[in-house]
Each structure stands twice: as structure tokens, then as C-alpha cells.
Peer 1: 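Here it is, the structure, as C-alpha cells.
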2 protein chains.
Amino acid sequence: MIRTTHQGDAIRRVLKKAGRPLAPQEIFDAAQREVSGLGIATVYRNLKSLQQEGAVTSVELPGQAPRWELAGDRHHHHFLCNTCDKLYEINACPEDIKNLLPKGFTLEEHDILLRGQCIACARKDSLQEVKKQPK
Amino acid sequence: MIRTTHQGDAIRRVLKKAGRPLAPQEIFDAAQREVSGLGIATVYRNLKSLQQEGAVTSVELPGQAPRWELAGDRHHHHFLCNTCDKLYEINACPEDIKNLLPKGFTLEEHDILLRGQCIACARKDSLQEVKKQPK
DNA sequence: GTCGTTGCAAAGCGTTTGCAGCCTA
DNA sequence: TAGGCTGCAAACGCTTTGCAACGAC
């Protein structure tokens, strides 16, 4: 039987509020503001059980610790900004994924991670270029 | 200045021979057979410097330690078998990747990981079903 | 001989686990 | 009150680092 606890509530609330995948440490920092004395182990334990009940999913990133997001009902992928390291949701999916598959292989899932520059960082960059030009 | 060493040679040879991405521990086990007394730290150090010189690349997998492969000249993706955990190269790429991108975002790289059952495991499964049927 | 490289062991770092006490139902 | 959940600290597994010795050039 699963009990409602302040800690678990806070963790869920933090994830919901963020609206983007968070690292365990980020969740810990934010949730600790609501529940003082919170332990990092509790964050991991809650994430694990939330994952088992399908309420959250982990997003694995190259060379980084996984981040966690509330499980949406929609299939989606992610975009990682190479500049600010922020992770975005992409609500689209290539049509021709299955065509990549060698013969005899069966496809069950697929992960796609796009990387580049997000709109916020792209704007900053072009602003800086404008600033630099007069020199 | 970079020196040639038995350890470094063995590591490169192991990667070349494997022809698929290997985990550091796998590389260590195989290279140790050629160079006894080899330390795991040396494997990590070599992989790191090989990566810096662009000779090898790391393949990041969800929830697993990265695996390493010799850097090919061809852009490719990977297929991870959910049954035998073996990682395959996919020499194809979706055409419409750029269409996924939100406006204002710029794409620099993309990773795709397909998962399912490889041809070897799919065959084993169908054999077992045949075996089971007579019962 | 120089100094890049190595093996070993210790240290790091993120994550998990053991345990006694707490708190929800 | 029962037993799931918690905080703490220790343990973990993988990776990195410090250091003295080794060996390629």
C-alpha cells in the first residue's frame, strides 16, 4: 500500500512546476525548500517508485546523469541546448524510423535526442554579434 | 608528444577486432589477455586521449555506462537489443530530422537509438515457440 | 636521460541500501 | 497500532586522480 507523504508530494509538485526534465539534485534542492530535512535518498526512492507506477520517466543524456519528468501521455523526444544545457520537449517524431531497421530486426522503442542551440541562446548570440560589429 | 605503448596498442586492437562498441570493462578484459598486469585506469586514460584525438567515440546508452568504438568516417546510429544487450550499428539516418525542430532552434547534432530484438534473438524466440507448440 | 605512460591504491561522484525511528492510514 | 516511509551514514560501482616507478624515444 502506498502512503501519501509530504516528501513525495513535494517531489511531484516540483516536477509538475518545472515542466521540463530535472536532475535528481535539482529536484532535491527545490523540494528541500518545501520540506526541510529532506534527504537525497528519499528523492531517489520516490523517483524510483514513481517510475514503477508509471508516473514519471527518466531521460538519459550522453555523459550526464539522467533527468526526470512527469510521464506525459504523448510520445515525444528531446532537444538539448549545447549552450545553456537546458532540455526541451519535442512533440514530433520522424515518419520513417522503421525504414532504418535492418532486415530481421524488430523495433520496440526508439530514442531521439537533438542537440544544437535553443531559441533563447541563438538570440543572445546574434545580439552579441551586433554588439561586436561596431567595434 | 604521444608515445606508442603496448597497452595503447592492445586497446586499439581490441576495439578494431570487436567491430562494435565495447564497455570499458570488456576492453579491459580483452586487452589484459594481451598485456598482463594492465590496469583499468590505463584503459580509461587511453580511451580519453583516443577520444581527444578523434580516434574513438563513446556511445551513450540509457541507464548504462557508455561504450566505445573506433571512430568511423560515416555518420551512423545504433540498435540495442532488448534481449541480448548487444549494440549494433545502423548505417542509415532519417531524412526528416530537421522538420522536428521548433522554430528558432538550430540543429548541430542528433543521436538516435533504436531498441527491440535483433535478428539472432528473434530467431531464437521463434524456435522456442515451435518447440513449445507440440506440447 | 627525459618525460610521457603505467599500475596501484585512494579519492570522487552519483546512486543505493541498512537500519532505527517516524508518521500515515 | 502496523508497517510503509524517512533521514542518516555507510556502502556501491564506475571513473578519475596522485604518485612513484617504468620505459619509449
Side-chain angles (χ1 to χ4, degrees), chain A residues 1-15 18 20-69 80 85-87 113, chain B residues 1-15 18 21-69 80 85-87:
Chain A
M1 175 209 216
I2 296 171
R3 290 183 181 168
T4 308
T5 64
H6 294 142
Q7 292 89 340
D9 287 348
I11 290 168
R12 244 174 304 228
R13 220 177 301 128
V14 165
L15 284 172
R20 63 181 181 88
L22 298 178
Q25 189 62 48
E26 289 181 288
I27 300 169
F28 175 62
D29 292 342
Q32 208 171 35
R33 268 176 242 130
E34 306 190 25
V35 183
S36 62
L38 175 69
I40 185 80
T42 299
V43 173
Y44 282 104
R45 275 190 282 233
N46 271 271
L47 287 175
K48 204 171 175 181
S49 54
L50 283 171
Q51 186 181 35
Q52 281 174 346
E53 62 182 80
V56 305
T57 54
S58 66
V59 185
E60 312 281 341
L61 301 174
Q64 298 188 18
R67 305 188 190 181
W68 299 80
E69 65 183 349
L80 180 62
D85 204 47
K86 209 168 165 183
L87 192 63
L113 178 65
Chain B
M1 178 209 215
I2 296 169
R3 289 183 183 169
T4 309
T5 64
H6 294 142
Q7 292 87 342
D9 288 348
I11 289 169
R12 244 174 304 229
R13 221 177 301 127
V14 164
L15 283 172
L22 298 178
Q25 188 63 48
E26 288 181 288
I27 301 169
F28 175 62
D29 292 342
Q32 208 171 34
R33 268 176 243 131
E34 306 191 25
V35 183
S36 62
L38 175 69
I40 184 81
T42 299
V43 173
Y44 283 105
R45 276 190 283 233
N46 271 271
L47 286 175
K48 204 172 174 181
S49 53
L50 284 171
Q51 186 182 35
Q52 281 174 347
E53 63 183 79
V56 306
T57 54
S58 66
V59 185
E60 311 281 342
L61 301 174
Q64 297 188 19
R67 304 189 190 179
W68 299 80
E69 64 184 350
L80 180 64
D85 204 47
K86 210 168 165 182
L87 192 64

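Convention: sequence-line order gives letters A, B, ...; per-chain numbering from 1.
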Peer 1: Base, sugar-phosphate, or nothing for A:A65, non-hydrogen atoms under 4.0 angstrom?
Peer 2: sugar-phosphate
Peer 1: Which nucleotide in the list D:dC25, C:dT6, D:dC5 gets nearest to the side chain of B:T4?
Peer 2: D:dC25
Peer 1: Starting at the 5' end of DNA chain C and moving along, which residue's nearest nucleotide shows up first, B:R3 or B:S36?
Peer 2: B:R3
Peer 1: Give the nucleotide from the list D:dT6, D:dT17, C:dT6 with an atom nearest to the side chain of B:K48.
Peer 2: D:dT17
Peer 1: Please find the pair of heavy atoms, one from B:L80 and one from B:Q64, that lie closest to each other, and give the distance.
Peer 2: CD2-NE2, 4.3 Å
Peer 1: NA contact type, B:I40, heavy-atom cut-off 4.0 Å: base, sugar-phosphate, or nothing?
Peer 2: nothing
Peer 1: Return the value, rounded to whole Å, for the distance between atom CD1 of B:I2 and atom P of C:dT6.
Peer 2: 11 Å
Peer 1: Assuming nearest nucleotide by heavy-atom distance, tell me which of B:W68 and B:T5 is located more 5' along DNA chain D.
Peer 2: B:W68
Peer 1: Rounded to the nearest angstrom, tell me the gap between atom CG in A:N46 and atom C1' in C:dT16.
Peer 2: 14 Å
Peer 1: Taking the side chain as C-beta and beyond, is there a heavy-atom pair between B:I40 and B:Q25 under 4.5 Å?
Peer 2: yes
Peer 1: If you define the side chain from C-beta out and look only at heavy atoms, does anything of A:L87 sit under 4.5 Å from A:R20?
Peer 2: no
Peer 1: Could you tell me the separation between the CD atom of B:Q64 and the C1' atom of C:dG14, rounded to a whole number of Å?
Peer 2: 17 Å
Peer 1: Give the rounded distance in Å between these two atoms: CZ of B:F28 and P of C:dC8.
Peer 2: 8 Å
Peer 1: Please state whether the phosphate of C:dG7, meaning OP1 or OP2, lies under 4.0 angstrom from any side-chain nitrogen or oxygen of B:Q7.
Peer 2: yes
Peer 1: In whole Å, what is the span from the CD atom of A:Q32 to the C1' atom of D:dG7?
Peer 2: 11 Å
Peer 1: I'd like to know whether A:V59 forms a side chain to side chain contact (heavy atoms under 4.5 Å, CB included) with A:L113, so could you lay out the CA-CA distance, the side-chain angles of the two residues, the decisive distance to 0.1 Å, and finally the verdict.
Peer 2: CA-CA 10 Å; A:V59 185; A:L113 178 65; over 6 Å; no
Peer 1: Is any side-chain heavy atom of B:L15 less than 4.5 Å from a side-chain heavy atom of B:L47?
Peer 2: yes
Peer 1: Taking atom C1' of D:dT6 as reference, at what distance in whole Å does atom CG of A:L38 sit?
Peer 2: 9 Å
Peer 1: Within this structure, what is the CD-to-P distance between A:Q52 and D:dC5, rounded to whole angstrom?
Peer 2: 11 Å
Peer 1: Is there a donor N/O on one and an acceptor N/O on the other, under 3.5 Å, for the side chain of B:R45 and the base of C:dG7?
Peer 2: yes
